[in-house]
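Comments concern the structure below.
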Amino acid sequence: MKALNSFLTKLGRGVGNVVGTLYQSGREAIDQVIVNILPFMAFIALVIGIILKTGVGDWIANALAPLAGNIWGLIIISIICAIPVLSPLLGPGAVIAQVVGTLIGSTLIASGSMSAHLALPALFAINPQVGCDFIPVGLALGEAEPETVEVGVPAILFSRLITGPVAVILAWLASFGLYPGY
Amino acid sequence: MDFLVRLAEGFIGLFQQGGEVFVSLVTGIVPLLIILLTFVNALIALIGTERIDRVGEWAARPGLVYYPVRYILLPFLSVFFLTNPMAYTMGRFLPERYKPAFYDAAVSYVHPPTGIFPHINPGELFVWLGISAGITALGLSVVPLAVRYLLIGLVVIFIRGIVTEILTSRMWSSVHTDAEGA
């Protein structure tokens, strides 16, 4: 009887633990959606709405097409975004990357004026500046010494100038065979 | 008067279009996102984030064999379990000279997996969603693109880690000789 009781207690505790974790996870998920995801969706929806309705979209697509519509243009975009003085300015909140990504996706790719497989290199071309605004904080989170930060900031910024375009080229090579016919 | 009415209609039209985009984003993406976030949050809570600390200690060792651990495995596990921005705290296990390179690799991996694991960076989903929206508009599946984005991301952060480590060590020695000369 005792053994059964202790088994039941353990079982009850275990089930309670799992259910509690799942419920807490659901609560966190809803929080993340309300705090982080929905506000940005509202912002992007406004941008896309204006682009679609005013016809600015065609204008942007025409302006971007020579730059973003082919691999050379994408490499140039990645080099511009990786310039050490610009990259920390373009970084915060990834807002620039998200807006440019939306412009490329919902105008150039959606209209077919950019082949679909170029979406892969484009994902890297718009984002070589990722985290460049956050280097001192990120290093501090890793408990780095001030001397490390002093060296690390320029090291990362200059590294991006090399690895930004390299990433685009790699992604381009990996994009062959993706979405054939589009 | 007619002119004013048309102007007002155009003005409201901008936001009606935006509202339609918002509804399609919310009904198309948010339900899947909530369930997926719940699942991954529960998974992380059940596994326990303290377990990846051991990988951090492992990655600190010198030698060529540990490069993939330091700049692929550790960044991947850090962003998956700790997410942006707490992932960068894993740098504390590494010697100072590896910290900038680890930060570079980890921060560069907060977007590539978001097509499949949006919990990593729910506030910056539109780097991925913006571009992939174009693929959706063409009536194609975004999954092949998401998988390649995730995989090429690993190659890119590996290269980024190595390049930044080399640049850091070069700048480190020049800064230190300067300090000794002064």
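These figures come from a predicted structure and were not determined experimentally.
- Across every non-hydrogen atom of B:L140 and A:A116, the tightest pair is CD1-CB, 4.3 Å.
- When heavy atoms are compared at a cutoff of 4.5 Å, B:V23 does not approach chain A at all.
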Legend entry - Evaluation steps, side chain to side chain contact (heavy atoms under 4.5 Å, CB included), between A:T148 and B:W172: CA-CA 8 Å; A:T148 309; B:W172 197 282; 3.6 Å; yes
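- Between atom CG of residue B:L145 and atom CG of residue A:L123 there is a gap of 5.5 Å, rounded to the nearest 0.5 Å.
- When each of B:A101, B:A87, B:G18, B:A106 is scored by its heavy-atom pairs under 4.5 Å with chain A, the top score falls to B:G18.
- If you measure heavy-atom distances from A:L108 to chain B, you find no contacts under 4.5 Å at all.
- Interface remark: of the candidates B:R92, B:Q17, B:E96, B:E96 forms the most heavy-atom pairs closer than 4.5 Å to chain A.
- Contact of B:I29 with chain A is made through the side chain alone, with heavy-atom distances under 4.5 Å.
- Looking only at side-chain heavy atoms (C-beta outward), B:F39 and A:L22 stay at 4.5 Å or farther from each other.
- The parts of B:I34 that come within reach of chain A are both its backbone and its side chain, each placing non-hydrogen atoms under 4.5 angstrom from that chain.
- Using modelled atom types, one side-chain atom of A:S25 and one backbone atom of B:A42 make a donor-acceptor pair closer than 3.5 Å.
- Atom CZ of B:F158 has more than 12 heavy atoms from other residues, nucleotides or ligands within 6.0 Å.
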Inset, instruction - Could you check B:V163 against A:F158 for side chain to side chain contact (heavy atoms under 4.5 Å, CB included), going step by step and ending with a plain yes or no? - result: CA-CA 9 Å; B:V163 172; A:F158 281 107; over 6 Å; no
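- Atom CD of A:Q98 is separated from atom CH2 of B:W128 by 14.0 Å, given to the nearest 0.5 angstrom.
- In terms of modelled atom types and a separation under 3.5 Å, the side chain of B:K99 and the main chain of A:V149 share no donor-acceptor contact.
- When all heavy atoms are compared, the tightest approach of B:I152 to A:A174 is CD1-CB, 3.3 Å.
- Closest of all the heavy-atom pairs between B:P85 and A:L141 is O-CD1, 3.5 Å.
- For residues 26-40 of chain A, a heavy-atom distance under 4.5 Å to chain B picks out A:G26, A:E28, A:A29, A:I30, A:Q32, A:V33, A:N36, A:I37, A:L38, A:F40, given by residue number.
- Taking B:V156, B:V127, B:V107 one by one and counting their heavy-atom pairs under 4.5 Å with chain A, the maximum is reached by B:V127.
- Chain A forms the most heavy-atom pairs under 4.5 Å with one residue out of B:S108, B:A133, B:A45, and that residue is B:S108.
- For A:I162, the part lying near chain B is the side chain, with the backbone staying farther off; criterion is any non-hydrogen pair under 4.5 Å.
- Proximity to chain B (any heavy atom under 4.5 Å) is restricted, for A:I44, to the side chain, taken from C-beta onward.
- Of the residues considered (B:E165, B:R170, B:M90, B:H111), B:H111 shows the highest number of contacts with chain A, using heavy-atom pairs under 4.5 Å.
- Of the inter-residue distances, the one linking B:L167 atom CG with A:L157 atom CG reads 10.5 Å to the nearest 0.5 angstrom.
- Other residues, nucleotides and ligands contribute only 12 or fewer heavy atoms inside 6.0 Å of the CZ atom of A:F7.
- For A:I156, the parts lying under 4.5 angstrom from a heavy atom of chain B are both the backbone and the side chain.
- If you chain together hydrophobic residues whose side chains sit under 4.5 Å apart, B:F11 and A:I48 never meet in one group.
- Of all the listed residues (B:G91, B:S141, B:P118, B:P100), the one sharing the greatest number of non-hydrogen pairs under 4.5 Å with chain A is B:P100.
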Legend entry - Stepwise side chain to side chain contact (heavy atoms under 4.5 Å, CB included) test for B:F126 and A:M41: CA-CA 8 Å; B:F126 274 85; A:M41 278 190 173; 3.7 Å; yes
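- Taking CD1 of A:I109 as the start and OG of B:S132 as the end, the distance is 9.0 Å to the nearest 0.5 Å.
- Considering only heavy-atom pairs separated by less than 4.5 Å from chain B, the leading option among A:L170, A:N127, A:I104, A:L46 is A:N127.
- Heavy-atom pairs under 4.5 Å with chain B were tallied for A:A167, A:S111, A:G138, A:G152; the largest tally goes to A:G138.
- The same ILVMFWY cluster, assembled from side-chain heavy atoms under 4.5 Å apart, contains both A:V130 and B:M86.
- Heavy atoms only, all atoms of each residue included: B:I135 and A:A119 are closest at CD1-CB, 4.0 Å.
- Note that OG1 of A:T163 is 3.5 Å distant from CZ of B:R160, once rounded to the nearest 0.5 Å.
- Between B:Y149 and A:F124, the ring centre distance stays below 6.0 Å.
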Inset, instruction - Take A:R160 and B:T164 through the side chain to side chain contact (heavy atoms under 4.5 Å, CB included) test and state the conclusion after the steps. - result: CA-CA 8 Å; A:R160 293 297 173 86; B:T164 305; over 6 Å; no
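- A:S159 approaches B:D104 most closely through the heavy-atom pair OG-OD2, 3.5 Å.
- Remark: side-chain polar atoms of B:Y103 are not paired, donor with acceptor, to backbone N or O of A:P136 under 3.5 angstrom.
- For A:T107, no part sits under 4.5 Å from any heavy atom of chain B, backbone or side chain.
- Contact record, B:F22 with A:A42: CE1-N, 3.5 Å, taken as the closest heavy-atom pair.
- Within the 4.5 angstrom heavy-atom criterion, atoms from both the backbone and the side chain of A:F134 approach chain B.
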